[in-house]
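I have placed the structure first, in the form of structure tokens, so that the comments after it can refer back to it.
When reading the values below, keep in mind they use all heavy atoms of this one structure, side chains included, and skip hydrogens, waters and symmetry mates.
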Amino acid sequence: MASVSLKHIYKKYPGGVTAVSDFNLDVKDKEFLVLVGPSGCGKTTTLRMIAGLEEITEGELFIGDRLVNDVAPKDRKIAMVFQNYALYPHMTVFENMAFGLKLNKTPKEEIKRRVEEAARVLDITHLLDRKPKALSGGQKQRVALGRAIVRKPMVFLLDEPLSNLDAKLRASMRAELTKLHESVQTTFIYVTHDQVEAMTMATRIVVMKDGLIQQVDTPQTLYDAPCNIFVAGFIGTPQMNFITGKLAKKGDDVFFEFEDKSLKLPAEKANAPELKDYIGEEVIAGIRPEAIHDEPMFLNSLPEDAQCDAYVDLTELMGAEIHLHVVIGETNLVAKVSSRSSSRAGDTIKIAFDLSRMHFFDKDTERCIIH
């Protein structure tokens with residue numbers, strides 16, 4: 001088992017393209033760390049540098065206490081699981097899983113024991129004599145995981161391993177991977193662009209954009225306390241709503257004004273010292289869809305100066321909930337409401353904001369002012 005430490009890591013390509021900039025991260029032993037971000041943000045490049053498949057331009061990479069910048073991939077005691085499975089089509093499942101051990105001249109009895117043990121853990125014992133072409137996508141993914149497990153690596157590296165699977169299988173494989181991590185007790189570093197995978201599996205999440213780390217935190221902290229607009233918008237489905245407006249003070253009260261609406265902030269927000277310098281200034285407010293309500297119980301319990309009229313543009317029934325797309329002036333918002341909601345497209349309704357859950361961001365830097 002091992003920790004992984006990246007110190008001031010850069011990846012620069014010819015022509016002045018920098019894929020990863022000043023990447024600093026300590027991955028704890030036995031942690032399930034997920035790198036997440038949009039396509040092209042540098043997450044796979046970072047994973048490949050850890051694996052030794054990409055050369056590090058600057059910085060130091062440690063696996064455990066060992067500096068591995070110049071260590072060959074096969075000697076780093078890591079195992080990588082690829083998006084496309086990378087199975088040998090002419091070999092059986094057993095032979096695919098045993099291949100790395102054979103290269104290391106592991107005794108035949110030890111190979112058999114390890115492969116059968118991994119197959120039992122992954123529930124693929126009945127597939128050991130099959131060739132990859134006779135397997136489903138989910139079965140191929142289990143074989144690829146099994147090939148990594150038998151090597152008993154210090155670190156598992158997984159590059160979007162579920163992206164080729166259908167939605168139902170992805171959900172079940174997420175649960176399987178979480179159980180696998182708990183059973184093998186090894187460090188996992190996992191790359192995905194799917195924030196649902198990140199939120200459900202990770203011990204900690206690294207959010208990346210343009211080769212830079214934006215925030216490293218637990219899934220719940222990223223959701224509740226994003227450090228900037230990018231993280232706030234990337235984490236959460238549907239994404240956080242953003243409203244450009246102005247903070248205004250009237251007597252002892254502070255209001256957030258947008259369009260022709262004026263929402264009175266609760267005392268704990270209004271009195272926050274971080275907001276004092278922004279009174280009279282334009283800011284960006286962020287509010288999650290589940291903090292906007294149309295149900296009578298909320299309209300009756302939340303103050304009137306936290307409510308306003310909105311036009312319903314579209315409703316999306318999601319089963320247990322409805323996503324209401326509403327318009328206030330020129331501002332478009334999404335509310336996540338109960339499936340019992342009676343609001344329909346074309347209606348003008350009253351909505352209530354839970355302003356205790358509103359975030360405020362600096363309009364210029366996009367950094368969070370207050371959660």
Side-chain angles (χ1 to χ4, degrees), residues 1-7 9 20 22-38 41-44 46-47 50 62-63 154-162 170-171 173-242 268-269 272 274 286-291 336 354 356-361 366-371:
M1 307 313 111
S3 58
V4 177
S5 185
L6 298 95
K7 299 184 185 299
I9 296 287
V20 178
D22 200 19
F23 194 100
N24 290 282
L25 183 68
D26 290 314
V27 186
K28 299 172 190 138
D29 185 25
K30 301 178 187 174
E31 186 170 22
F32 197 133
L33 185 102
V34 177
L35 301 175
V36 71
C41 72
K43 55 190 186 296
T44 293
T46 302
L47 197 77
I50 297 170
F62 292 85
I63 297 177
M154 295 167 73
V155 182
F156 275 88
L157 305 177
L158 301 103
D159 186 13
E160 303 207 31
L162 308 184
R170 261 205 315 272
M173 282 301 292
R174 283 202 307 264
E176 292 298 324
L177 277 170
T178 303
K179 288 181 198 168
L180 178 64
H181 174 249
E182 289 168 359
S183 67
V184 298
Q185 290 286 296
T186 306
T187 307
F188 276 46
I189 303 176
Y190 186 106
V191 158
T192 182
H193 64 271
D194 184 335
Q195 50 105 3
V196 174
E197 284 180 25
M199 291 292 285
T200 52
M201 294 194 293
T203 314
R204 283 190 305 157
I205 299 173
V206 180
V207 182
M208 293 183 68
K209 178 191 176 192
D210 300 333
L212 294 165
I213 293 177
Q214 301 295 304
Q215 189 170 354
V216 184
D217 238 313
T218 63
Q220 196 63 54
T221 302
L222 280 179
Y223 192 80
D224 293 337
C227 71
N228 60 28
I229 285 176
F230 176 79
V231 176
F234 194 84
I235 300 293
T237 307
Q239 76 161 44
M240 183 182 282
N241 296 289
F242 297 107
E268 67 272 14
K269 282 262 194 294
E274 296 91 338
I287 190 161
R288 296 234 176 249
E290 62 269 26
K336 192 190 285 187
D354 183 351
S356 67
R357 299 173 66 187
M358 188 171 262
H359 307 251
F360 289 99
F361 301 91
E366 299 192 347
R367 302 292 298 176
C368 186
I369 304 164
I370 188 173
H371 300 295

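F32 and H181 have perpendicular rings, their planes meeting at more than 60° on a 0 to 90° scale where under 30° would count as parallel.
Panel note: side chain E31, backbone K28; a donor-acceptor pair is recorded below 3.5 Å. Remark: side-chain polar atoms of D210 are not paired, donor with acceptor, to backbone N or O of L212 under 3.5 angstrom.
Closest approach of F242 and A232 over heavy atoms only: CZ-CB, 3.9 Å. Listed here is the closest heavy atom pair of I63 and I50: CD1-O, 4.3 Å. Looking at every heavy atom in both residues, V155 comes nearest to T186 through N-CG2, 4.0 Å. When every heavy atom of V20 is checked against every heavy atom of T46, the shortest pair comes out as CG2-OG1, 3.5 Å. Across P226 and C368, no two heavy atoms sit closer than the pair O-CB, 3.5 Å. For P219 against A202, the heavy-atom pair with the smallest separation is CG-O, 3.6 Å.
Residues I205 and Y190 have side chains not in contact (no heavy-atom distance under 4.5 Å, counting atoms from C-beta outward). The shortest side-chain heavy-atom distance between R357 and E290 falls under the 4.5 Å cut-off. Counting heavy atoms from C-beta outward, R288 and N241 have side chains that stay 4.5 Å or more apart. Proximity of P38 to H193: side-chain heavy atoms (C-beta onward) are nowhere separated by under 4.5 Å. Side-chain atoms of K43 and T192, non-hydrogen and from C-beta on, never get closer than 4.5 Å to each other. The shortest side-chain heavy-atom distance between P289 and P238 falls under the 4.5 Å cut-off. Under the 4.5 Å side-chain criterion, counting only non-hydrogen atoms from C-beta, F361 is not in contact with I369. Annotation: side chain of V191 is not in contact with side chain of L158 (no heavy-atom distance under 4.5 Å).
The distance from atom OG1 of T187 to atom CE of M154, rounded to the nearest 0.5 Å, is 8.0 Å. In this structure, CZ on R204 lies 6.0 Å from CG on L25, to the nearest 0.5 angstrom. Rounding to the nearest 0.5 Å gives a distance of 12.0 Å between CE of M358 and CD1 of I370. The distance from the OG1 atom of T218 to the OH atom of Y223 is 13.5 Å, given to the nearest 0.5 Å. Note: Q214 CD to I235 CD1 = 11.5 Å, rounded to the nearest 0.5 Å. Taking CD from Q215 and OG1 from T221, the interatomic distance works out to 8.0 Å, rounded to the nearest 0.5 Å.
Side-chain atoms of D29 and S3 include no donor-acceptor pair closer than 3.5 Å. If you check the side chains of E268 and S356, you find no donor sitting under 3.5 Å from an acceptor.
Salt bridge R174/E197: absent, no basic N to carboxylate O contact under 4.0 Å.
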*Determine, step by step, whether E274 and F360 satisfy the side chain to side chain contact (heavy atoms under 4.5 Å, CB included) criterion, reporting the C-alpha distance in whole Å, the side-chain angles of both residues, the deciding distance to 0.1 Å, and the verdict.*
CA-CA 10 Å; E274 296 91 338; F360 289 99; over 6 Å; no
*Chi angles and distances behind the side chain to side chain contact (heavy atoms under 4.5 Å, CB included) call for V4, I189*: CA-CA 9 Å; V4 177; I189 303 176; 4.1 Å; yes
*Passes side chain to side chain contact (heavy atoms under 4.5 Å, CB included), F23 versus L35? Steps please.*
CA-CA 12 Å; F23 194 100; L35 301 175; 4.2 Å; yes
*Please report the C-alpha distance between K7 and D26 in whole Å, then the side-chain angles of each, then the deciding distance to 0.1 Å, and finally whether the side chain to side chain contact (heavy atoms under 4.5 Å, CB included) criterion is met.*
CA-CA 8 Å; K7 299 184 185 299; D26 290 314; 4.3 Å; yes
